[in-house]
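Below: the structure, in structure tokens.
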Amino acid sequence: MAIQAPRGTRDVLPAESYRWQYLEEKMRKAAALAGYREVRTPVFEHTELFARGVGDTTDIVQKEMYTFNDKGNRSITLKPEGTAGAARCFLESNLYADALPCKMYYLNAPIFRYEAPQSGRLREHHQFGLECFGAQDATVDAELILLAYHLLEELGVKNLSVRINSIGCPNCRPSYHGALKDFLVSRLDGLCEDCKNRYERNPLRVLDCKKPGCKAQVKDAPSMLDYLCEECRDHFAQLKACLQSEGIPFAVDSRIVRGLDYYTKTVFELVTETDGGALTVCGGGRYDHLVAQLGGPDLPAVGFGMGIERVLMLLDSEGIEIPKPDQYEVFVTYMKDNRAEAFALVQALRRQGIRADMDHCSRSLKAQFKYANKTGARFAATIGEEEARTGTVRVKDMGSGEERTVALAEAGDTIRKMRKEAE
RNA sequence: GUGGGUAUAGCGUAGUUGGUUAACGCGUCAGAUUGUGGCUCUGAAGAUCGUGGGUUCGAGUCCCACUACUCACCCCA
């Protein structure tokens, strides 16, 4: 075997890129409809951005980053998530000095995490994400959840469930941390090694542990929701009210924690059930102090990321078809002495905006027709000795078999006309 | 990172207790009388059996290592 794509990466082949483009179009429209404009940030950033932004106690930063020193001996990291880069960009370009809120989205942003590849989990994947800076109202949290939900719904995804939670703010979280640690301290012996670590560094994450032993220990743990300060409680209530008034189903799940440290108040996930179990397609939340942590003004913000590969997986597993465009509308077939006329016709058709091509492999007429059929071309336009002499072309509808001989200059119009008549 | 499974032409597979020229389907290409596709028929090309090592007179078949894929855990989109 020659050189292969690196572990955990995938090619999008010419025959399947239309599926990506289809999603991209829907995503752009959905984002634009709500006033989000595209931002493009670098694929790599200074490692410090993620250490400070995402949090250096997180698994992402501790063990999953593609980090290396460049030739100038700078520590560089390939983006392990989208929000930190967007926040850095927002801050660096002083966008907070413009009218707020500042809404932006990124599409097909490559995201890198050094993990064991698995179904729905690659080392390089792509995300569609939205970020809104400078607005504290829960109406934004709600609009983001609704946007993601309706987008997936429009794509045809079923069994979609929305799970939300509030993890409080720096004012109320410490008291909860205290309560949680008090609760956990007597049960430390029953926890796994990882969780004993988490107890010290980030006790919230213990709630998220999937090990049966830990789950059992944590079953009756206090809920953050009972410790929210008034502001956070109101905010969460506002969010729920917005979602209710829009009639989308959601569930409050106090165990949602998220693996990134910057989150405050709202966190949410959009999850679907597949044969392989629950799959999170979209995750996000509020990060009110990230911009400040990066050295900027203390501005609230919310956002989410949606995994493109995971969306495509869902569409596959639910049997949702994406319309596949034909490669050509017309295939020009010709006898070997008439290559020049055929070439001219192809160029003329393309000038008229018709996707056209011809044989470039010196194949027989019969083989040319076979090829035309295979590429899905709706029409064949044939030029032989007879047509060349009279300045005509024989246009054939490959579906019905109907053929018409028309002047060369009318080829394009004839194709349009025949297509219309067939409808 | 830890554990299980897999690895044979472009794709999907067969390959009997290790025994000679590795088989089949799909796909590709070419033909079935001279300028026409989809169906059918015929034929051809295409594989140092993931890589490296070992056992053996002999390995696609057994053993080890590596790599990749895959599943579970961890974590996440």
Side-chain angles (χ1 to χ4, degrees), chain A residues 1-10 13 15 54 58-65 79-83 108-129 148 152 192-195 197-198 205 208-212 214 256-260 269-272 275-284 303-314 331-338 359 361-388 394-401 403:
Chain A
M1 203 38 117
I3 298 174
Q4 299 172 297
R7 176 151 217 229
T9 66
R10 267 212 198 312
L13 301 175
V54 176
T58 60
D59 280 6
I60 290 181
V61 170
Q62 278 189 340
K63 52 183 196 188
E64 294 177 358
M65 296 207 300
K79 273 197 275 200
E81 59 94 48
T83 299
N108 251 336
I111 303 289
F112 302 87
R113 284 183 211 161
Y114 196 93
E115 329 179 69
Q118 210 179 114
S119 162
R121 224 183 48 203
L122 296 161
R123 286 187 174 180
E124 180 194 33
H125 77 277
H126 300 79
Q127 286 189 18
F128 165 58
L152 292 169
C192 67
E193 283 309 306
D194 283 342
C195 282
N197 258 319
R198 291 178 183 129
R205 299 211 57 76
D208 213 23
C209 188
K210 305 294 190 297
K211 291 204 172 69
C214 297
I256 300 178
V257 170
R258 313 253 77 222
L260 299 86
E269 294 177 349
L270 272 64
V271 185
T272 62
D275 350 313
L279 186 76
T280 302
V281 266
C282 177
F304 73 70
M306 185 180 286
I308 312 261
E309 282 90 346
R310 287 196 177 173
V311 174
L312 287 168
M313 258 181 84
L314 281 183
F331 198 80
V332 175
T333 57
Y334 61 96
M335 301 297 291
K336 54 178 171 295
D337 292 336
N338 307 108
D359 173 62
C361 303
S362 298
R363 279 189 264 245
S364 69
L365 190 69
K366 184 186 199 132
Q368 292 179 43
F369 268 87
K370 279 192 180 177
Y371 186 82
N373 201 58
K374 219 159 12 208
T375 59
R378 169 75 183 279
F379 293 93
T382 308
I383 301 182
E385 192 189 343
E386 179 71 24
E387 289 81 9
R394 216 165 150 67
V395 179
K396 176 173 186 174
D397 182 327
M398 299 290 277
S400 66
E403 291 189 82

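Lettering follows sequence order; numbering is per chain, from 1. Here the structure is a predicted model, which means the values were calculated and not measured.
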*Mind checking the C1' distance from B:rA77 to B:rU13? Whole angstroms is fine.*
35 Å

Could you tell me whether A:Gly82 contacts a base, only the sugar-phosphate backbone, or nothing, with contacts defined as non-hydrogen atoms closer than 4.0 Å?
nothing

Would you state whether a donor and an acceptor, one from the side chain of A:Arg121 and one from the base of B:rC71, lie under 3.5 Å apart?
no

Does A:Lys336 have a side-chain nitrogen or oxygen under 4.0 Å from the phosphate oxygens OP1 or OP2 of B:rG35?
no

Original post:
Heavy-atom distance under 4.5 Å between the side chains of A:Arg310 and A:Leu314, does that happen here?
Top reply: no

Side-chain contact check for A:Lys374: nearest option of B:rU28, B:rA30, B:rA77 is B:rU28

Mate of B:rG1 across any strand shown (Watson-Crick or G-U wobble, both atom pairs under 3.5 Å) is B:rC73

The answer to which of A:Gly401 and A:Gly284 contacts RNA chain B further toward the 5' end, by nearest nucleotide, is A:Gly401

Using Watson-Crick geometry (N1-N3 plus N6-O4 or O6-N4) or G-U wobble (N1-O2, O6-N3), each under 3.5 Å, B:rA44 is paired with B:rU28

Item to complete: Taking the side chain as every heavy atom from C-beta outward, state whether A:Asp337 and A:Glu385 have any pair of such atoms under 4.5 Å apart.
Response: no

From NZ of A:Lys366 across to C1' of B:rG31 the rounded distance in Å is 8 Å

CD1 (A:Ile111) and CD (A:Glu81) are apart, to the nearest 0.5 Å, by 7.0 Å

Note to self: So A:Ala380, base contact, sugar-phosphate only, or nothing? Heavy-atom distance under 4.0 Å.
What the structure shows: nothing

Whole-Å distance, A:Arg123 CZ to B:rC75 P, equals 18 Å

Here the salt bridge (Lys or Arg N to Asp or Glu O under 4.0 Å) pairs for residues 108-127 of chain A, sequence neighbours left out, are A:Glu115-A:Arg121

Each nucleotide of nucleotides 40-49 of chain B classed B (base within 4.0 Å of a protein heavy atom), S (only sugar-phosphate) or -, in 5' to 3' order, makes ----------

One should read off an interatomic distance between A:Ile383 CD1 and A:Asn338 CG, to the nearest 0.5 angstrom, of 7.0 Å

Strictly distance-based, threshold 3.5 Å: is any side-chain N or O of A:Arg378 a donor or acceptor partner for the main-chain N or O of A:Gly399? no

In whole angstroms, the gap separating P of B:rC75 from CD of A:Glu81 amounts to 18 Å

Pairing partner of B:rG58, by Watson-Crick or G-U wobble and under 3.5 Å for both distances, is none

Interatomic distance, CD@A:Gln4 vs OG1@A:Thr9, rounded to 0.5 Å, equals 9.5 Å

note: A:Leu279, atom CG; B:rC71, atom C1'; distance rounded to Å ~ 15 Å

When rounded to whole Å, the CZ to P distance for the pair A:Phe369 and B:rG35 reads 12 Å

Taking a pair to mean Watson-Crick or G-U wobble geometry with both distances below 3.5 Å, B:rA68 pairs with B:rU6

Would you measure the distance from the P atom in B:rA22 across to the matching atom in B:rU42 and give it in whole Å? 24 Å

A:Asp359 atom CG is separated from B:rU28 atom C1', nearest whole Å, by 15 Å

OH (A:Tyr114) and CE (A:Met65) are apart, to the nearest 0.5 Å, by 14.5 Å

For B:rG50 and B:rA45, measure between their C1' atoms and round to the nearest Å.
-> 23 Å

Notebook entry, point to check: Contact class for A:Gln368 (heavy atom, under 4.0 Å): base, sugar-phosphate, or nothing?
Noted result: nothing

dist A:Asp359:CG -> A:Tyr334:OH (nearest 0.5 Å) comes out at 4.5 Å

Using a 4.0 Å heavy-atom cut-off across all strands, classify A:Leu314 as base, sugar-phosphate, or nothing.
nothing

I'd like to know if A:Asn373 reaches the base of B:rG38 with its side chain, counting only an N/O donor and acceptor under 3.5 Å.
no

The Watson-Crick or G-U wobble partner of B:rU13, with both key distances under 3.5 Å, is B:rA23

Quick one: which protein N/O atoms are closer than 3.5 Å to N/O atoms of nucleotides 66-70 of chain B? Pair and distance per line, please.
residue, atom, partner, partner atom, Å
B:rC69, OP1, A:Gly8, N, 3.3
B:rC69, OP2, A:Arg7, NE, 2.7
B:rU70, OP1, A:Arg10, NH2, 3.1

Q. Expressed as a whole number of Å, how far does the P atom of B:rG31 sit from that of B:rA72?
A. 49 Å

(message) So, OP1 or OP2 of B:rC29: does either fall under 4.0 Å of a side-chain N or O from A:Arg363?
(response) yes

Taken in chain and number order and not counting sequence neighbours, the residues that satisfy side chain to side chain donor-acceptor pair (under 3.5 Å) with A:Asn108 are A:Glu24

For A:Glu403, the salt bridge (Lys or Arg N to Asp or Glu O under 4.0 Å) test, sequence neighbours excluded, returns A:Arg394

Integer angstrom distance from the P of B:rG1 to that of B:rG58 = 38 Å

Item to complete: Determine whether any donor atom in the side chain of A:Lys396 lies under 3.5 Å from an acceptor atom in the base of B:rG37, or the reverse, and answer yes or no.
Response: yes

Rounded to whole Å, CD1 of A:Ile60 lies from C1' of B:rG1 at a distance of 16 Å

Taken to the nearest 0.5 Å, the spacing of A:Leu122 CG from A:Glu309 CD works out to 5.5 Å

B:rC29 versus B:rA9 - spacing of their C1' atoms, nearest Å = 15 Å

Between CZ of A:Arg378 and P of B:rU36 the distance, given in whole Å, is 22 Å

Q. With rounding to whole Å, what would you report as the distance between B:rA44 and B:rA7 at their P atoms?
A. 30 Å

Within the structure shown, what part of the strands sits under 4.0 Å from A:Glu64 by heavy-atom distance: base, sugar-phosphate, or nothing? sugar-phosphate

Taken in chain and number order and not counting sequence neighbours, the residues that satisfy side chain to side chain contact (heavy atoms under 4.5 Å, CB included) with A:Phe369 are A:Thr333, A:Leu365, A:Ala380, A:Thr382, A:Lys396, A:Met398

For A:Leu260, answer base if it contacts any base atom (sugar-phosphate contacts may also be present), sugar-phosphate if it contacts only those atoms, and nothing otherwise; contact means non-hydrogen atoms under 4.0 Å. sugar-phosphate

Quiz item: Under 4.0 angstrom, heavy atoms only, what part of the nucleic acid is A:Glu387 near: base, sugar-phosphate, or nothing?
Solution: base

Closest of B:rA77, B:rA30, B:rG35 to the A:His125 side chain is B:rA77

Quick note, A:Met335 side chain, CB onward, closest among B:rG1, B:rG35, B:rA77 is B:rG35

B:rC39 -> Watson-Crick or G-U wobble partner, both distances under 3.5 Å, gives none

- Heavy atoms under 4.0 Å, any strand shown: does A:Met306 hit a base, just sugar-phosphate, or nothing? nothing

B:rU8 to B:rG15 separation - C1' atoms, rounded to the nearest Å: 9 Å

